[in-house]
Amino acid sequence: MKSSHTYPIGTPGQKWNDEEKAQWRAQVTVKRSYQDDVVTKINALSDRFDLTQYGALSYDTERFPLLSLKTKNWDPAKPTVLISGGVHGYETSGVHGAIQFLDTQAERYSDTFNIVVAPCVSPWGYETINRWNPLAIDPNRSFFADSPAEESAALMQLAASLGDVLVHIDLHETTDTDEEEFRPALSARDGKEYIEDSVPDGFYTVGDTENPQADFQKAVIDSVRRVTHIAPPDSEGKIIGEKIEQEGVINYPMKALSLCNGITDCTYGTTTEVYPDSEHVTDQDCNNAQVAAITGALDYVKARI
C-alpha cells in the first residue's frame with residue numbers, strides 16, 4: 001500500500017546531496033554508551049577468550065574500537081565459525097546475544113569448532129540507535145570491495161584472516177522502527193517513494209538463495225521456538241515482502257546484495273531476525289533467542305562433521 005508519509009529531510013523524488021546527509025546527521029543524538037554497555041562486557045571475557053582489536057572507526061578511534069573474541073584452543077584442523085552482531089547497531093539483541101553466547105555457551109563448542117565473535121560491528125550505530133553509519137550508509141548493503149563503510153571493510157578483513165569458514169551466523173532484529181523511521185529515511189535518501197510494509201511479529205531467518213540449506217535453517221527455527229514465537233507469513237504468504245520457503249524462513253541472494261552473510265564462502269550461513277517489540281517478549285528473551293539460534297545451528301553442524 002502506498003503511503004503519504006513525507007520524510008522531514010530532502011525533496012521528494014530527489015536523492016539526498018551532502019547537505020541533506022549533514023542535516024540528517026545533525027539530528028542524530030547519542031542515546032547509550034558503547035564503552036559502558038559493550039566494551040566493558042567484552043573486556044570482562046578477555047581472560048577466557050583471545051581478545052583482538054581488528055580495527056577502529058575513524059569517527060573516533062578511541063571511542064569506537066572494533067573488537068572480536070576467539071576461543072583459546074584454536075586449531076587449524078577444526079572448522080571455523082564466525083558470529084557477527086550489531087552490523088545494524090540499533091539491533092540490540094544481536095550485540096548482547098553474541099556476548100551472552102560467549103559467556104554461557106561458546107566454550108562447550110570449542111573442542112569441535114574454532115569460534116570468532118565480532119559482537120558489535122557498528123558501534124556508532126549502537127550508540128545512536130541507528131541503522132546507518134554517520135555517512136548515511138547502511139553497512140549491511142556495503143560488504144563489497146573498496147566498501148565506503150568502514151564497519152563493513154573492517155569485518156571483511158577480519159573474515160579474510162580466518163581462512164575457510166564453515167559456519168557464519170549474523171545476528172539481527174526486525175523492529176517497529178524499521179517502518180517508522182529507517183525505511184522512510186531510506187526512501188527519502190534515495191529519492192524514491194516510500195511504500196508501507198508490515199513488521200512480522202516473531203523470529204525468522206534469512207538464508208542464502210544460492211545456498212539455502214533448508215534443513216540447517218529449520219534446525220535454527222526449531223531451537224528458537226523453545227524461546228520465542230516464530231513469525232507467521234502475511235496475507236500474501238510473505239515475510240518482509242519475500243515468499244517464505246518454510247516456516248519462519250526466507251532467502252536473499254547474500255553476495256549479490258552485499259549482505260554480511262555473504263562475506264565468506266561458508267557452507268552453513270544464516271541471518272537471524274528477532275522481533276524485540278512484541279508484547280510477548282522481554283529484552284532477555286531476545287538475547288536468549290539469539291543464543292538459541294547459534295546453539296541450534298552449531299548442534300546441527302556438529303552432528304554432521
Side-chain angles (χ1 to χ4, degrees), residues 22 24-72 82-107 115-140 142-143 147-159 161 169-173 175 177 181-182 260 272 274 276 282-284 286-288 290-291 294:
W24 169 81
R25 188 163 53 250
Q27 51 87 46
V28 172
T29 59
V30 173
K31 299 176 178 67
R32 55 190 179 183
S33 169
Y34 171 64
Q35 289 285 335
D36 292 346
D37 295 356
V38 181
V39 174
T40 55
K41 291 182 178 180
I42 292 173
N43 286 336
L45 294 170
S46 62
D47 60 334
R48 296 163 54 193
F49 300 91
D50 291 334
L51 173 61
T52 300
Q53 181 173 333
Y54 67 92
L57 299 183
S58 67
Y59 326 130
D60 189 328
T61 56
E62 294 298 316
R63 182 171 159 189
F64 298 130
L66 300 173
L67 304 173
S68 68
L69 290 158
K70 294 181 180 180
T71 45
K72 280 188 174 293
L82 172 61
I83 299 166
S84 47
V87 171
H88 290 142
Y90 73 105
E91 296 172 3
T92 307
S93 72
V95 177
H96 292 288
I99 294 170
Q100 181 175 316
F101 167 76
L102 282 163
D103 189 33
T104 64
Q105 300 292 330
E107 286 158 317
I115 301 173
V116 57
V117 181
C120 191
V121 174
S122 296
W124 184 89
Y126 179 88
E127 286 205 341
T128 61
I129 310 184
N130 233 291
R131 186 178 182 89
W132 294 343
N133 70 13
L135 304 180
I137 295 172
D138 184 342
N140 203 34
S142 303
F143 288 97
S147 175
E150 297 178 26
E151 300 85 351
S152 307
L155 187 66
M156 286 190 290
Q157 186 174 21
L158 173 65
S161 73
I169 305 165
D170 190 32
L171 308 179
H172 284 257
E173 295 180 342
T175 71
T177 51
E181 167 63 23
F182 299 123
C260 183
T272 69
V274 169
T282 64
D283 290 347
Q284 187 58 56
C286 293
N287 295 344
N288 293 345
Q290 301 285 18
V291 174
I294 299 169

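The residues of the chain are indexed from 1 along the displayed sequence.
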Side chains of Phe143 and Leu155: closer than 4.5 Å at any heavy-atom pair?
-> yes
Would you say the side chain of Leu66 lies within less than 4.5 Å of the side chain of Val121, judging by non-hydrogen atoms?
-> no
Would you say Glu62 has more than 12 foreign heavy atoms packed within less than 6.0 Å of its CD?
-> no
Assess the side chains of Asp170 and Ser84: does a donor N or O sit below 3.5 Å from an acceptor N or O?
-> yes
Going by heavy atoms in the side chains, are Asn130 and Val28 under 4.5 Å from each other?
-> yes
So, are Asp103 and Arg48 salt-bridged, with charged N and O less than 4.0 Å apart?
-> yes
Would you please say whether a donor-acceptor pair under 3.5 Å links the side chains of Glu151 and Ser122?
-> no
4.5 Å side-chain heavy-atom contact, Thr175 and Pro276 | yes
Is Asn43 atom CG crowded by more than 12 heavy atoms from other residues, nucleotides or ligands, each under 6.0 Å away?
-> yes
Crowded around Gln157 CD? As in, over 12 foreign heavy atoms under 6.0 Å?
-> no
So do the side chains of His172 and Val87 get within less than 4.5 Å of each other, counting heavy atoms only?
-> yes
Do Asp138 and His88 come close enough that some side-chain heavy atom pair is under 4.5 Å?
-> yes
Should the ring pair Tyr90 and Phe182 be called parallel, tilted or perpendicular, given that the plane angle runs from 0 to 90° and is split at 30 and 60?
-> tilted
Heavy-atom side-chain contact between Tyr34 and Asp37 under 4.5 Å = no
Min side-chain heavy-atom separation Val116-Leu69 under 4.5 Å | no
Asn133 versus Glu150, side-chain donor and acceptor atoms under 3.5 Å = no
If you measure from the Lys or Arg side-chain nitrogens to the Asp or Glu carboxylate oxygens, is any gap between Glu127 and Arg63 under 4.0 Å?
-> yes
